[in-house]
Amino acid sequence: MTHDPADLTVADYLDAAHEMATAGRPFLAHLLAEEAARRVDDPATARSIRAQYIDPTTERG
């Protein structure tokens, strides 16, 4: 793991998002996935990432 966040890849952020989701930390998973989506050039891929890690604070009712 690197100490400079600028050196992190999309895969690094997605791995961390998956780990946080597995650990029961959905908001942190969402934030990490959002950063991964921001770093992707393809809008469809970014939408797919965002769809997998929906903001848990958003009300759906």
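Just so we're clear, the structure is a prediction, and the values are computed from it rather than from any experiment.
Listed for the R39 side chain is no donor-acceptor partner under 3.5 Å among the backbone atoms of Y13.
For the salt bridge (Lys or Arg N to Asp or Glu O under 4.0 Å) test, residues two or more places apart in sequence or in another chain that qualify with R38 are E35. Judged as a salt bridge (Lys or Arg N to Asp or Glu O under 4.0 Å), and not counting sequence neighbours, R47 has no contacts. By the side-chain hydrogen bond (donor to acceptor under 3.5 Å, both in side chains) test, D41 is found to be paired with no residue, residues two or more places apart in sequence or in another chain being considered. Considering only residues two or more places apart in sequence or on other chains, E34 meets the salt bridge (Lys or Arg N to Asp or Glu O under 4.0 Å) condition with R50. Residues that satisfy the side-chain contact (heavy atoms from CB on, under 4.5 Å) test with L31, not counting sequence neighbours, are F27.
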Kindly list each side-chain donor-acceptor pair under 3.5 angstrom involving residues 16-23, sequence neighbours excluded, with atom names and distances?
{"residue": "T22", "atom": "OG1", "partner": "H18", "partner atom": "O", "Å": "2.9"}

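Applying the under-4.5 Å side-chain rule to Ile, Leu, Val, Met, Phe, Trp and Tyr, the cluster around L14 extends to V10, V40, I49.
Heavy atoms only, all atoms of each residue included: A46 and A37 are closest at CB-O, 3.6 Å.
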